[in-house]
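Quick notes on the structure that follows.
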2 protein chains.
Amino acid sequence: MQDNGAVTADDVANAAGVSRWTVARAFKKDASISRKSREKVLAAAEALGYAPDLLASSLASDRSNLVAIINNDFSNPHKLVVLERLTRILWTRGWGTLLVHMSDSEDASAALLAASQRRVDAAVVIGTRFDDRILGTALGARRVKKLVIFARYSQNPDTLTIACDDVIAMREIADHLLSRGYQHPVYLAGPDTQSAKLHRKTTFTEYWQARTGFSVRSIHADAYDFGAAIDRVTALFAEGGPRPDVLVCENDIIAIGAMDALRYRLGLRVPQDVAVTGFDDIPLAGSPAYGLTTYRQPITAMTERLLDVLEGRLSSDVHLPGLFVARSTT
Amino acid sequence: MQDNGAVTADDVANAAGVSRWTVARAFKKDASISRKSREKVLAAAEALGYAPDLLASSLASDRSNLVAIINNDFSNPHKLVVLERLTRILWTRGWGTLLVHMSDSEDASAALLAASQRRVDAAVVIGTRFDDRILGTALGARRVKKLVIFARYSQNPDTLTIACDDVIAMREIADHLLSRGYQHPVYLAGPDTQSAKLHRKTTFTEYWQARTGFSVRSIHADAYDFGAAIDRVTALFAEGGPRPDVLVCENDIIAIGAMDALRYRLGLRVPQDVAVTGFDDIPLAGSPAYGLTTYRQPITAMTERLLDVLEGRLSSDVHLPGLFVARSTT
DNA sequence: CCGCCGCTTGCACGCGCGTGCAAGAAAAAT
DNA sequence: ATTTTTCTTGCACGCGCGTGCAAGCGGCGG
């Protein structure tokens, strides 16, 4: 027992009458150690309040069991759902999570550098706006071993994508709208970034065109928050052209902004005057105020696949189907 | 340069023609080193792509520059605001953030243990429900050096509280309501936990009693989310007793649930039939759908004080005033 | 030109644990 | 009982860097 209060493996070894290495083995799942001495060690450890020092362990083994979660979008409540799943599920499997804030202003390499300095075994990007190429070069220069793009698509070959299958999802939404007789959708997307887009917009517009022969207009909000969506939708209707009968939104938070604009800026009813669909199924989407028709991303399943990647069982892109949720806005 | 691609201080030392320790000094702010050799080292480091290994550094110096953020409430969007501030501001000062999920079912010591095994310099609890005493004993047994309760109150002597000043806040809300002529408030709180409460309820009820002579009824939702608030408010009005003219809610997410219940379950208007106040000023509170009168916690200032604690300039509880925000629900 | 002082640099040692090997102990086979 | 095999344990070395001290270097006044 050191003076600073930390108990080391040596202390446990002394107490249990074995060597330090036997102590280490007792804490390792598949180590070659007799049941008797493992029990002896664990009892001594328990008595002394010993727990292995993961920092020293990481340094020695070159495996930190740490993953960096890199995010630059803290305005969408859905990120909270993602964080909850990631931290909880990864933790049950022994993985720690380092939350790294990626400012939009700087490039992603600072975030990646911060992660690599802590020797994370992988970095998971859950942010919404980032430059795909910069991420790639930053990855090349640093020693982040794995880079996973979560709930987002990446074209970068050094990167692994784990995402909801946008194609299946948007077709299901389009089929639903067609079956309800909607004819004039407008697609409301987030900011028109250069890379790491979703496939939702193109899937929807192309599929709609294929099924009806009519093309779909799409517009972009300035940011991924409901304020920007309110402004964009208000502006859309101020143009005075033919009125859409449904707004297909890239995610729920934008859809909620769209609904607020329709109801409180434009005095229109949802869905009687204009219908709305979202994406993500955030908690608020199920509230009586919104009752948003949306599509739930399979975050839990996606996190399981992330574990597969972390633990070396998977090394290719994954696109998983989610769940269409029909409520009262269509 | 190692074969695994990592550049160490030794590599930089060779390239710059100095010793490894001079390299370390070049990266340390107030180290005794000549300007010439610092520039030489930094140039070599830049050329090689060297960045100090924080893991090894932590092990050697017994300072990790890591803080654990312990949370068990992922249903309140305000947590996203808190996480954004904490990660961004702490990062600018060289602190990394480990996000730890604290399940409600188990006690807090597992979370604290996880943090201590990574040698965090401090743990910051931002969760809403936790047992104050267990936290204390867990702290005693582990080597987490500092335990900070953030945006919450703790009675535990081993713990530091950094929070919004509930007393000032609730008096301001009460004064506002009194000036608007409200007479029959009901206080709507979250779950009635045994410890680590906020002071909002007692402050409000006592202050209201002192100013009007009338006592305030208070009720509790089963959870800190809007669904539970909807149920509780619906049940309250189903009782059929005298109707309150304002619902004073412990936070915004509960206030939003209350508003949804009033509007969509009970057919009442806000604020004409019943007024509502919240707490936190989450983004949604400013939306046209809610326009919630609320009180903004000074998260940025609180984070600055947290830095003071982390860097040893402060070691006592802090209660900071926030900002009352009057909107259209009162 | 000498000696003292202040600035700069090098270095031994340690942080706590993992890896891979080899020796020792126990069990199995002969 | 002896040899062989299997299991279990101990250990040297290293992971990359920080701390504290001592040696080296230059400059100044006398």
Side-chain angles (χ1 to χ4, degrees), chain A residues 1-14 16-41 44-45 48-66 94 116-121 143 145, chain B residues 1-14 16-41 44-45 48-66 94 116-121 143 145:
Chain A
M1 178 99 62
Q2 314 283 328
D3 39 320
N4 62 6
V7 183
T8 76
D10 278 312
D11 303 323
V12 178
N14 286 336
V18 298
S19 73
R20 180 169 72 69
W21 297 274
T22 301
V23 173
R25 275 187 266 264
F27 281 89
K28 193 172 169 185
K29 193 71 183 173
D30 308 304
S32 113
I33 183 178
S34 69
R35 201 158 55 93
K36 209 175 61 182
S37 44
R38 166 167 275 153
E39 283 167 2
K40 204 166 49 178
V41 169
L48 294 177
Y50 168 78
D53 185 327
L54 295 183
L55 209 63
S57 164
S58 304
L59 184 61
S61 67
D62 202 35
R63 287 188 66 247
S64 61
N65 275 287
L66 246 191
S116 76
Q117 287 191 274
R118 304 271 179 194
R119 287 213 184 191
V120 298
D121 289 332
R143 61 174 170 228
K145 299 156 196 166
Chain B
M1 178 96 63
Q2 314 284 327
D3 41 321
N4 62 7
V7 183
T8 75
D10 278 312
D11 303 323
V12 178
N14 286 337
V18 297
S19 73
R20 180 170 72 71
W21 297 273
T22 302
V23 174
R25 273 187 267 265
F27 281 89
K28 194 173 169 185
K29 192 72 184 171
D30 308 304
S32 114
I33 183 177
S34 70
R35 202 157 54 91
K36 211 176 59 181
S37 46
R38 167 168 275 153
E39 284 166 1
K40 204 166 50 179
V41 168
L48 294 178
Y50 168 78
D53 185 326
L54 295 183
L55 209 64
S57 163
S58 303
L59 184 61
S61 68
D62 203 34
R63 290 187 63 247
S64 61
N65 277 287
L66 246 192
S116 77
Q117 286 191 273
R118 304 268 180 196
R119 286 213 184 189
V120 297
D121 290 332
R143 59 176 171 226
K145 299 155 194 166

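Each chain gets a letter, A, B and so on, in the order the sequences are listed, and its residues count up from 1. This one's a predicted model, so the numbers in the text were calculated from it and none came from an experiment.
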Locate the shortest heavy-atom distance separating [X] from [Y]; write the atom from each residue and the value.
X	Y	answer
A:K29	A:R38	O-NH2, 3.6 Å
A:L55	B:S58	CD2-CB, 3.3 Å
A:L59	B:A56	CD1-CB, 3.9 Å
B:D121	B:N65	OD2-N, 2.7 Å
B:V41	B:V18	CG2-CG2, 3.9 Å

What's the [atom1]-[atom2] distance between [X] and [N], to the nearest Å?
X	N	atom1	atom2	result
A:D53	C:dG16	CG	P	7 Å
A:D62	C:dG16	CG	P	20 Å
A:L54	C:dG16	CG	C1'	11 Å
B:E39	C:dT8	CD	P	13 Å
A:D10	C:dG18	CG	P	12 Å
A:L55	D:dC15	CG	P	17 Å
A:R35	D:dC7	CZ	P	16 Å

- Item | Letter per nucleotide, 5' to 3', of nucleotides 9-14 of chain D [B base touched, S only sugar-phosphate touched, - untouched; heavy atoms, 4.0 Å] | BBBB-B
With sequence neighbours excluded, tell me which residues meet side-chain contact (heavy atoms from CB on, under 4.5 Å) with [X].
X	result
B:L54	A:Q117, A:R118
A:N14	none
A:A45	A:V12, A:F27, A:Y50

- Message: Could you work out how much the helix from C:dC1-D:dG30 to C:dT30-D:dA1 bends, comparing the axis of its first five pairs with that of its last five, to 10°?
- Response: 40°
Using a cutoff of under 3.5 Å, can you pull out all pairs of nitrogen or oxygen atoms linking the protein to nucleotides 23-25 of chain D, with atom names and distances?
none

- Task: Using salt bridge (charged side-chain N to carboxylate O under 4.0 Å, His left out) as the criterion, list what pairs up with A:R119, not counting sequence neighbours.
- Result: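 Salt bridge (charged side-chain N to carboxylate O under 4.0 Å, His left out) check on A:R119 returns A:D62, B:D53.
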- Please list, chain by chain and in numerical order, all residues satisfying side-chain hydrogen bond (donor to acceptor under 3.5 Å, both in side chains) with A:S37, sequence neighbours excluded. A:S34
- Message: Under the rule for side-chain hydrogen bond (donor to acceptor under 3.5 Å, both in side chains), what residues qualify as partners of B:S19, not counting sequence neighbours?
- Response: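 Checked B:S19 against side-chain hydrogen bond (donor to acceptor under 3.5 Å, both in side chains); matches are B:T22.
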- Message: So if I take every side-chain heavy atom of B:S61 and compare against C:dG18, D:dG16, D:dG18, which nucleotide ends up nearest?
- Response: D:dG18
- Is B:K28 near enough to D:dC17 that one of its side-chain N or O atoms lies under 4.0 angstrom from OP1 or OP2?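 No, because none of the side-chain N or O atoms of B:K28 sits under 4.0 Å from OP1 or OP2 of D:dC17.
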